[in-house]
Amino acid sequence: MTNYSESSKNLLFSMNDLQALRSIIRGYLALMQRTVPASFERSMRIYCLEELYRRFSGIPSDALEVTIPLTVAEVKALDEAIKGFAGFVRQRVPANRERNEVIGSLEGLRQHLARMLA
């Protein structure tokens with residue numbers, strides 16, 4: 001279980017952000033399980049991301065925005081998932097306007113997380 005005392009921050013997300021993060025987490029987990037060798041570190045990252053996915057999925061879909069406490073470790077895991085997912089898209093999807101928009105949105109989401117932690 002995660003400790004949300006002094007090492008966490010309350011971060012504000014729109015429902016669109018949460019939907020995107022759930023999709024990113026699912027995609028990145030599948031990618032990790034195929035490409036990252038089994039290790040304790042990998043298991044811990046997978047556990048962290050699965051817990052975030054569960055927490056994000058439990059939020060009612062009728063909320064416009066939601067404040068979620070996240071630890072620095074959880075934000076780092078989300079950042080890693082976004083970077084990894086964006087890298088996968090760059091490698092596997094042919095360059096076109098839609099792909100570039102998706103990658104731009106992913107980078108914007110990473111910057112949003114970084115600003116919230118600052």
Side-chain angles (χ1 to χ4, degrees):
M1 182 157 239
T2 305
N3 180 5
Y4 293 104
S5 59
E6 60 197 72
S7 64
S8 69
K9 289 207 173 202
N10 291 322
L11 304 180
L12 181 67
F13 292 100
S14 70
M15 282 311 293
N16 288 339
D17 289 344
L18 287 178
Q19 290 170 344
L21 286 169
R22 284 194 303 258
S23 295
I24 290 165
I25 289 169
R26 273 290 155 224
Y28 186 66
L29 284 171
L31 179 66
M32 274 184 71
Q33 291 170 341
R34 288 192 324 260
T35 61
V36 177
S39 69
F40 178 75
E41 183 180 316
R42 181 188 98 155
S43 296
M44 293 307 295
R45 285 190 284 168
I46 288 172
Y47 175 78
C48 179
L49 288 169
E50 286 176 339
E51 285 299 308
L52 284 169
Y53 183 85
R54 277 192 271 285
R55 285 175 51 206
F56 292 169
S57 295
I59 295 169
S61 60
D62 60 347
L64 295 177
E65 292 182 331
V66 63
T67 301
I68 302 173
L70 294 176
T71 66
V72 172
E74 289 171 329
V75 173
K76 286 181 180 179
L78 285 174
D79 183 65
E80 178 185 322
I82 295 168
K83 276 192 322 194
F85 188 77
F88 177 77
V89 170
R90 279 187 185 96
Q91 287 180 334
R92 300 296 179 151
V93 178
N96 61 41
R97 186 177 63 73
E98 186 176 4
R99 182 197 87 153
N100 293 341
E101 288 174 2
V102 168
I103 291 171
S105 295
L106 293 171
E107 290 302 321
L109 189 52
R110 283 187 66 218
Q111 290 171 5
H112 179 63
L113 284 173
R115 279 192 306 273
M116 287 191 283
L117 282 180

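In what follows, residues are counted from 1 in the order of the sequence shown.
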Taken in chain and number order and not counting sequence neighbours, the residues that satisfy side chain to side chain contact (heavy atoms under 4.5 Å, CB included) with L12 are E65, T67
For P69 and E74, the nearest pair of non-hydrogen atoms, with its separation, is O-OE1, 4.0 Å
Could you pull out all donor-acceptor pairs under 3.5 Å where a side-chain atom in residues 28-37 meets a protein atom, sequence neighbours excluded?
unit_1: Y28; atom_1: OH; unit_2: E80; atom_2: OE2; d: 2.9
unit_1: T35; atom_1: OG1; unit_2: L31; atom_2: O; d: 2.8

When every non-hydrogen atom of L49 is compared with those of A77, the smallest separation belongs to CD2-O, 3.7 Å
Check against side chain to side chain contact (heavy atoms under 4.5 Å, CB included), L109 and L78: CA-CA 10 Å; L109 189 52; L78 285 174; over 6 Å; no
Across all chains, not counting sequence neighbours, the side chain to side chain contact (heavy atoms under 4.5 Å, CB included) partners of E41 are S39, R45
For residues 13-33, the salt bridge (Lys or Arg N to Asp or Glu O under 4.0 Å) pairs (sequence neighbours left out) are none
Notebook entry, point to check: Do I68 and I59 pass the side chain to side chain contact (heavy atoms under 4.5 Å, CB included) test, and can you show the C-alpha distance, the side-chain angles, and the key distance before you say yes or no?
Noted result: CA-CA 10 Å; I68 302 173; I59 295 169; 3.5 Å; yes
Those residues at least two apart in sequence (or on a different chain) that pass side chain to side chain contact (heavy atoms under 4.5 Å, CB included) with R115 are Q111, H112
Besides M44, the hydrophobic cluster formed by Ile, Leu, Val, Met, Phe, Trp and Tyr side chains linked at under 4.5 Å, directly or via other members, contains F40
Salt bridge (Lys or Arg N to Asp or Glu O under 4.0 Å) pairs touching residues 98-109, sequence neighbours excluded, are R90-E107, R97-E101, E107-R110
Q: With the side chain counted from C-beta on, respond yes when V93 and I103 share a heavy-atom pair under 4.5 Å apart, and no when they do not.
A: no
